[in-house]
Amino acid sequence: MFYDKTSDGIIIRVRVTPNSSKCALSGIFTDAAGQDYLKINLTAVPEKGKANQELIKFLSKWLKQSKSAFTLISGETDRYKRLQLTATNLAATEQILQQTENAYDSANS
């Protein structure tokens, strides 16, 4: 699973590919330690926080949450990032995340 529920919300692990042709989800990546990350392609270049801003904008649209609900907690200059989501309707957000997880799991089976 590329996300964890916490007492304050949800932590989402992502692996970004900046400078892509379009913004889109592109699967689930598992690193050498067995940690899952949601792969996201971004059109922004990784300069001056542009890719991080685009990532938050993309996630806010996809998960139907405000941009202010997301906090980058690690990976500011790395392609592997962790974001804290403190949302009002976490049940609906978790349902979207679970559907995404299931879609990519069944595609890889």
Trainee: Say you draw a straight line from CG of D31 to CZ of R15; how long is it, rounded to the nearest 0.5 Å?
Mentor: 10.0 Å

Trainee: Indicate yes or no for a side-chain donor-acceptor contact from R13 to the backbone of M1 under 3.5 Å, with no hydrogens or angles considered.
Mentor: yes

Trainee: Of all heavy-atom pairs between Q65 and A69, which one has the smallest distance, and what is that distance?
Mentor: CB-CB, 4.4 Å

Trainee: Give the minimum heavy-atom separation between S26 and I40, together with the two atoms involved.
Mentor: OG-N, 4.1 Å

Trainee: For a side chain to side chain contact (heavy atoms under 4.5 Å, CB included) check, start with the C-alpha distance between L97 and W62, then their side-chain angles and the critical distance, and finish with the verdict.
Mentor: CA-CA 10 Å; L97 294 171; W62 175 54; 3.8 Å; yes

Trainee: With Y37, which residues qualify under ring pair (Phe, Tyr, Trp, His ring centres under 6.0 Å), at least two apart?
Mentor: Y80

Trainee: Evaluate the side chain to side chain contact (heavy atoms under 4.5 Å, CB included) criterion for residues L59 and L55: first the C-alpha distance (whole Å), next the side-chain angles of each, then the deciding distance (0.1 Å), finally the verdict.
Mentor: CA-CA 6 Å; L59 288 173; L55 173 63; 4.0 Å; yes

Trainee: Restricting to non-hydrogen atoms, name the atom on P46 and the atom on A51 that form the minimum distance, rounded to 0.1 Å.
Mentor: CA-CB, 4.1 Å

Trainee: Determine yes or no for a side-chain-to-main-chain donor-acceptor pair under 3.5 angstrom, with Q84 supplying the side chain and I73 the backbone.
Mentor: no

Trainee: Set out, in order, the CA-CA distance, both residues' side-chain angles and the distance that settles side chain to side chain contact (heavy atoms under 4.5 Å, CB included) for I28 and T100, then state yes or no.
Mentor: CA-CA 9 Å; I28 295 176; T100 303; 5.7 Å; no

Trainee: Roughly how far apart are D8 CG and L85 CG, rounded to 0.5 Å?
Mentor: 11.0 Å

Trainee: Identify whether I11 and L25 are in the same connected component of the hydrophobic contact network (ILVMFWY, side-chain heavy atoms under 4.5 Å).
Mentor: no

Trainee: Working to the nearest 0.5 Å, report the span between OG1 of T77 and CD of E47.
Mentor: 13.5 Å

Trainee: Taking all heavy atoms of L42 and all of C23, pick out the closest pair and write down the distance.
Mentor: CA-SG, 4.0 Å

Trainee: Set out, in order, the CA-CA distance, both residues' side-chain angles and the distance that settles side chain to side chain contact (heavy atoms under 4.5 Å, CB included) for E101 and D36, then state yes or no.
Mentor: CA-CA 10 Å; E101 177 92 22; D36 288 341; 4.3 Å; yes

Trainee: Taking all non-hydrogen atoms of both residues into account, name the closest pair between G9 and L90 and its distance.
Mentor: CA-CD1, 3.7 Å

Trainee: Take atom NZ of K39 as the centre, draw a 6.0 Å sphere, and report whether it contains more than 12 heavy atoms from other residues, nucleotides or ligands.
Mentor: yes

Trainee: Measure the spacing between CZ of F2 and CD1 of I10 and express it to the nearest 0.5 Å.
Mentor: 9.5 Å

Trainee: Just to verify, what does I56 make a side chain to side chain contact (heavy atoms under 4.5 Å, CB included) with, not counting sequence neighbours?
Mentor: K67, F70, L83

Trainee: Considering only residues two or more places apart or on different chains, which pairs with a residue in residues 72-98 satisfy salt bridge (Lys or Arg N to Asp or Glu O under 4.0 Å)?
Mentor: K5-E94

Trainee: With hydrophobic residues grouped by side-chain heavy-atom distances under 4.5 Å, do F29 and Y104 end up in a single group?
Mentor: no

